[in-house]
Enquirer: 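First the structure, then my questions, so here it is.
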Amino acid sequence: MFRIHNTMTRRKEEFQPLHEGLVTLYSCGPTVYDFPHIGNLRTFLWSDLLVRALRRRGFEVHNVMNVTDVDDKTIAGAEREGMSLGEYTAKYADYFFEDLETLRIQPAWKYPRATEHIGQMLDVIRTLVDKGHAYEQDGSVYFDISSYPNYGRLSGVVPDEHTSREFGRLDSDEYELEDARDFALWKAAGPGEPSWDSPWGPGRPGWHIECTAMAIEYLGETIDMHLGGVDLVFPHHENEIAQSEAATGTQFVRFWIHPEHLIVEGEKMSKSKGNFYTLRDLLERGYDPVAVRHLLMTAHYRKQLNFTLDGLEQSRQALARLWDFADRVAEVPEDAEGVDLSAQVHAALTKFDAGLDDDLNIPGAMAAVFELVRGVNPLLSEARVGAEGRQVLDFLADADTVLGIIDHEKGSVDAEVDALMAEREAARGDKDWARADEIRDELLAQGIVIEDTPTGPRWRRGEWGVSEPHVVRSDACSHASAVVVAGVQATHGQECPCH
RNA sequence: GGCGGCAUGGCCAAGAGGCUAAGGCGGCGGUCUGCAAAACCGCUAUUCACCGGUUCGAGUCCGGUUGCCGCCUCCA
């Protein structure tokens, strides 16, 4: 039984989809005007984890994430970089998709672009005007909040004239509105701005209407889940509800899910504070993207995550433990005799599922994985794990369909390393410790750690997460050429001018 | 100013009133090892920001105080 917190009711509720076996999920996606920062990515990651958890529960999931490619920022950005709006947004959309892939975020079912759904938006706006929920003024169309009595139910925020005036919305708005709270569904084109034809003259859609139109287009008038960062609760999601339900006359969203923001070193992330990170920034510092993924999911989604470089280091160590464990289990010979592990694996699986089902408690689920690691590790050391180790590997693979952090490449060593290891074994046989240690040091310098176990020596990477050279795709950023070799921090430490 | 959220060991972080307060990282001691490494064991929170209250019983519920964060304005 899957339970999830619903912002509308402010409590955890048992989830069942409207249509048996199929979950419809709409997640607010990026506005493609800049590189995604780690805060953006955390929200997208939680959307990914939700989808993965639902799929593991046996549901088919139709998840849609919009790409906002027309608004004030994209228009201004295209102007600044001397590109067309289409070229400009395509460039940043590519960066967005690259980052998702780097973080092992599975592709959504659909990624609709706002500019490709202008017709559907105009349909909704026309319906709202016809039904008396919206009005035209000077070529723009506004939603009449007073026509929708339930406004404010999601956020608890009901702006009144006093609030609006205090924050200058009246002054800053060049239009004369009947009600200061009303928001734009359609904006009349300004000079030189990209525009589309409409019954009210050339213009472009307001931000809120895009989600309504595209959600209805792909998922229907009532969707099971809608996810977005907490900052979107008001006014974005509040406005979505108002315009959607006013247009369709039926419930728009059954479950509202809002991941909290992350903060950096205890403070809100902002460019002016110098604590603003993109994924690329972290990769250039030599961190493994999987460590970033791990760190972003260490705190429950409804709690703020304090993102620190020290935390990234902790994640790196935790992954090293996990990966080395998985390798050691995988290295057990097929025909080895061993003890029964089914009870331990079953306990881990039970606790793992309980975590996922309880409002997506990934930290709790992850604890189940580590408890199994601690339970099986001593058996490995004593060579008491046999063919039953397969159960452990199956569990890890199963858990990883949600977590997405366990799968990794161990890589291989070349013949020269093999030869050195053999030579070292021979030296040890002769009790030539000096030569044996010399070889071990030599391999260590190459980033390869040798461990002597009861069943013979084994090798592993010395610095999981920083030893692999990681080159950001050259077309993504011509300055990003950071290469980290064998656990040695990159010397390329300059800020990229393009960031 | 209005509204909302959070405060758990050195760090990160679970914990829908009641077994000895998960898990990860780090530190110290030990076992194992030719020495290491890894792994494991023990120690590192008689206590959950502070003050009251409800209850047989509260980290978990209520009120207050302090601190931090967020929304109210573009924002994941």
Side-chain angles (χ1 to χ4, degrees), chain A residues 3 5 7 10-12 27-31 33-34 36-47 71-73 76 152 155-160 162-164 166-169 172 207 227-236 258-263 266-270 294-295 298-300 302-308 310-322 324-325 328 351 355 358-359 361-371 373-382 428 431-434 436-437 440-441 444 449-454 457-460 462:
Chain A
R3 295 169 63 81
H5 183 272
T7 308
R10 310 216 173 245
R11 64 186 58 180
K12 294 182 196 175
S27 297
C28 283
T31 300
Y33 70 101
D34 200 352
H37 61 246
I38 52 173
N40 297 320
L41 292 170
R42 171 158 129 114
T43 301
F44 304 146
L45 172 62
W46 279 107
S47 179
D71 77 324
D72 292 342
K73 278 181 293 204
S155 60
V157 176
V158 182
D160 55 19
H162 175 72
T163 319
S164 300
E166 193 174 337
F167 283 88
R169 204 189 291 182
S172 66
W207 173 44
L227 180 148
V230 277
D231 55 303
L232 298 185
V233 173
F234 187 88
H236 185 52
H258 292 104
E260 253 294 349
H261 282 184
L262 65 72
I263 55 179
E267 290 187 303
K268 180 177 181 173
M269 179 168 65
S270 72
H294 177 270
L295 176 56
T298 51
H300 185 85
R302 283 191 292 111
K303 290 184 86 171
Q304 290 178 340
L305 168 76
N306 186 16
F307 187 98
T308 65
D310 182 53
L312 250 190
E313 187 59 33
Q314 294 185 11
S315 285
R316 206 171 63 72
Q317 293 297 344
L319 286 180
R321 176 174 163 88
L322 210 46
D324 201 39
F325 171 75
R328 293 213 294 158
K351 180 168 175 175
D358 181 18
D359 197 24
N361 186 351
I362 297 285
M366 209 126 61
V369 175
F370 278 98
E371 278 169 17
V373 171
R374 201 185 53 212
V376 174
N377 253 328
L379 301 174
L380 281 168
S381 298
E382 297 163 14
R428 291 183 70 219
K431 296 196 188 299
D432 181 359
W433 310 126
D437 292 350
R440 190 166 61 195
D441 290 344
L444 186 60
V449 176
I450 300 301
E451 297 173 356
D452 297 318
T453 76
R458 70 183 290 269
W459 65 272
R460 65 181 171 84

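The model shown is predicted, which means the values in this text are computed figures rather than measured ones. Heavy-atom basis, side chains included; hydrogens, waters and symmetry copies ignored.
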Enquirer: If I pick the C1' atom on B/G52 and the same atom on B/U66, what distance separates them, to the nearest angstrom?
Expert: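 Those two atoms are separated by 15 Å.
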Enquirer: Kindly say whether, by distance alone, the side chain of A/Gln304 makes a donor-acceptor pair under 3.5 Å with the base of B/C6?
Expert: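 Between B/C6 and A/Gln304, which were checked side chain against base, a qualifying N/O pair under 3.5 Å is absent.
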Enquirer: Just how far is it from atom OG1 of A/Thr7 to atom CG of A/Leu232, taken to the nearest 0.5 Å?
Expert: 11.0 Å
Enquirer: Taking the same atom, P, in B/A22 and in B/A16, what whole-Å distance lies between them?
Expert: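 The same atom, P, in both gives a distance of 14 Å.
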Enquirer: In whole angstrom, give the distance that lies between atom CH2 of A/Trp207 and atom C1' of B/A76.
Expert: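 That distance rounds to 10 Å.
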Enquirer: What about A/Asp452, does its side chain sit under 3.5 Å from the base of B/C35 through a donor-acceptor pair?
Expert: yes
Enquirer: Taking a pair as Watson-Crick or G-U wobble with both distances under 3.5 Å, which nucleotide is matched to B/U55?
Expert: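 Paired with no nucleotide.
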Enquirer: Between A/Arg428 and A/Asp452, is a side-chain contact (heavy atoms from CB on, under 4.5 Å) present by the stated rule, with each step listed?
Expert: CA-CA 11 Å; A/Arg428 291 183 70 219; A/Asp452 297 318; 3.3 Å; yes
Enquirer: Between A/Cys28 and A/Gly228, what is the shortest heavy-atom contact and its length?
Expert: CB-CA, 4.5 Å
Enquirer: Can you identify which nucleotide, out of B/A37, B/C40, B/A14, has its nearest atom closest to the A/Asn377 side chain?
Expert: B/C40
Enquirer: Are any of A/Lys303's side-chain N or O atoms less than 4.0 Å away from OP1 or OP2 of B/G15?
Expert: no
Enquirer: Whole Å only: how far is the CD1 atom of A/Ile362 from the C1' atom of B/A13?
Expert: 14 Å
Enquirer: Of A/Pro235 and A/Pro30, whose closest RNA chain B nucleotide lies nearer the 5' terminus?
Expert: A/Pro235
Enquirer: Can you check the A/Asp358 CG to B/A14 P distance for me, whole Å?
Expert: 12 Å
Enquirer: Classify the nucleic acid contact of A/Pro363 as base, sugar-phosphate or nothing, counting any heavy atom under 4.0 Å across all strands shown.
Expert: base
Enquirer: CZ of A/Phe44 versus C1' of B/C75: gap in Å, rounded?
Expert: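 Rounding to the nearest Å, CZ of A/Phe44 and C1' of B/C75 are 11 Å apart.
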Enquirer: By nearest atom, which of the nucleotides B/A37, B/A14, B/C71 is closest to the A/Phe234 side chain?
Expert: B/C71
Enquirer: Whom does B/G1 pair with, Watson-Crick or G-U wobble, provided both distances fall under 3.5 Å?
Expert: B/C72
Enquirer: Is any side-chain heavy atom of A/Phe44 less than 4.5 Å from a side-chain heavy atom of A/Leu41?
Expert: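 SC-SC contact between A/Phe44 and A/Leu41 confirmed.
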Enquirer: Which base, if any, makes a Watson-Crick or G-U wobble pair with B/A13, both distances under 3.5 Å?
Expert: none
Enquirer: Roughly how far apart, to the nearest Å, are B/C11 and B/A49 at atom P?
Expert: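 Their P atoms lie roughly 14 Å apart.
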Enquirer: State whether the aromatic ring of A/His261 stacks on the base of B/A76, taking stacking to mean ring centres under 5.5 Å apart and ring planes under 30° to each other.
Expert: yes
Enquirer: B/C75 phosphate, OP1 or OP2: any side-chain N/O from A/Asn40 under 4.0 angstrom?
Expert: no
Enquirer: Could you pick out which residue, A/Leu295 or A/Thr453, lies toward the 5' side of RNA chain B when each is mapped onto its nearest nucleotide?
Expert: A/Leu295
Enquirer: B/G23 and B/C62: how far apart are their P atoms, nearest whole angstrom?
Expert: 29 Å
Enquirer: Give A/Glu371 one of three labels, base, sugar-phosphate or nothing, depending on what nucleic acid heavy atoms sit under 4.0 Å from its own.
Expert: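 If one applies the 4.0 Å heavy-atom cut-off, A/Glu371 turns out to touch the sugar-phosphate alone, with no base involved.
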Enquirer: Any N or O donor-acceptor pair linking the side chain of A/Gln314 to the base of B/G24 at under 3.5 Å?
Expert: yes
Enquirer: If you check every side-chain atom of A/Asp231, which of B/G70, B/C40, B/A76 has the closest atom?
Expert: B/A76
Enquirer: Base, sugar-phosphate alone, or nothing: which one does A/His37 contact when heavy atoms must sit under 4.0 Å apart?
Expert: base
Enquirer: B/A14, B/C71, B/G34: which one has an atom nearest the side-chain heavy atoms of A/Lys268?
Expert: B/C71
Enquirer: Could you state the NE2-P distance from A/His236 to B/U73, rounded to the nearest angstrom?
Expert: 16 Å
Enquirer: For A/Arg458, answer base if it contacts any base atom (sugar-phosphate contacts may also be present), sugar-phosphate if it contacts only those atoms, and nothing otherwise; contact means non-hydrogen atoms under 4.0 Å.
Expert: nothing
Enquirer: Between B/C48 and B/U60, how far is it from one P atom to the other, in whole Å?
Expert: 9 Å
Enquirer: Within the structure, does a side-chain N or O atom of A/Arg321 lie under 4.0 Å from either OP1 or OP2 of B/C40?
Expert: yes
Enquirer: At less than 4.0 Å, is any side-chain N or O atom of A/Arg374 found next to OP1 or OP2 of B/G23? Yes or no.
Expert: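 Yes, because at least one side-chain N or O of A/Arg374 sits under 4.0 Å from OP1 or OP2 of B/G23.
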Enquirer: Does A/Arg11 have any side chain to side chain contact (heavy atoms under 4.5 Å, CB included) partners at least two apart in sequence or in another chain, and if so, which?
Expert: A/Thr9, A/Glu13
Enquirer: Under 3.5 Å, is there any donor-acceptor pair linking the side chain of A/Asp437 to the base of B/G34?
Expert: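 When only heavy-atom distances are counted, A/Asp437 does reach the base of B/G34 through a donor-acceptor pair under 3.5 Å.
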Enquirer: Return the nucleotide paired to B/C50: Watson-Crick means purine N1 to pyrimidine N3 with N6-O4 or O6-N4, wobble means G-U with N1-O2 and O6-N3, both under 3.5 Å.
Expert: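 Answer to the pairing question: B/G64, which forms a Watson-Crick or G-U pair with B/C50.
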Enquirer: Please check the phosphate of B/C12 (OP1 and OP2 only) for any side-chain N or O of A/Asn306 closer than 4.0 Å.
Expert: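 Answer yes for this pair, as a side-chain N or O of A/Asn306 is under 4.0 Å from OP1 or OP2.
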Enquirer: Considering residues at least two apart in sequence or located in another chain, which fulfil the ring pair (Phe, Tyr, Trp, His ring centres under 6.0 Å) criterion with A/His5?
Expert: none
Enquirer: If you go through the side-chain atoms of A/Arg440, does one of them form a donor-acceptor pair with the base of B/C35 closer than 3.5 Å?
Expert: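 Yes, a donor-acceptor pair under 3.5 Å.
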Enquirer: Before accepting this row, confirm whether a basic side-chain N of the pair A/Arg316/A/Glu313 lies closer than 4.0 Å to the acidic partner's carboxylate O.
Expert: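 Yes, A/Arg316 and A/Glu313 are salt-bridged.
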Enquirer: Between B/A7 and B/C50, how far is it from one C1' atom to the other, in whole Å?
Expert: 11 Å
Enquirer: If I pick the P atom on B/C28 and the same atom on B/U33, what distance separates them, to the nearest angstrom?
Expert: 23 Å
Enquirer: Need the pair for B/A39. Rule: Watson-Crick or G-U wobble, both distances under 3.5 Å, any strand; none if unpaired.
Expert: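 Because both required distances fall under 3.5 Å, B/A39 counts as paired with B/U31.
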Enquirer: For A/Ile263 and B/C12, what is the distance between atoms CD1 and P respectively, to the nearest whole Å?
Expert: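 Distance, rounded to whole Å: 10 Å.
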Enquirer: Mind checking A/Leu41 for me? I need base, sugar-phosphate or nothing, with any heavy atom below 4.0 Å counting as a touch.
Expert: nothing
Enquirer: Can you tell me the distance, in whole Å, between the CG atom of A/Leu444 and the P atom of B/A36?
Expert: 15 Å
Enquirer: Kindly indicate, with the supporting measurements, whether the criterion side-chain contact (heavy atoms from CB on, under 4.5 Å) is fulfilled by A/Asp359 and A/His300.
Expert: CA-CA 9 Å; A/Asp359 197 24; A/His300 185 85; 3.4 Å; yes
Enquirer: Provide, to the nearest angstrom, the distance between the CG atom belonging to A/Leu262 and the C1' atom belonging to B/C75.
Expert: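 Those two atoms, CG and C1', are 13 Å apart.
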Enquirer: Students often get this wrong, so: under 4.0 angstrom with heavy atoms, is A/Gly228 touching a base, only sugar-phosphate, or nothing?
Expert: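 A/Gly228: backbone/sugar contact only, no base atoms under 4.0 Å.
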Enquirer: Please determine whether a side-chain nitrogen of the Lys or Arg among A/Lys12 and A/Asp358 lies less than 4.0 Å from a carboxylate oxygen of the Asp or Glu.
Expert: yes
Enquirer: Looking only at atom C1', what distance separates B/U65 and B/C71, rounded to whole Å?
Expert: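 One C1' to the other, the span is 24 Å.
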Enquirer: Of the listed nucleotides (B/G34, B/C74, B/A37), which one gets closest to any side-chain atom of A/Arg460?
Expert: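 Closest of the options to the side chain of A/Arg460: B/A37.
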Enquirer: Report yes or no: is the ring centroid of A/Trp433 under 5.5 Å from the six-membered base ring centroid of B/G34, with the two planes under 30 degrees?
Expert: yes
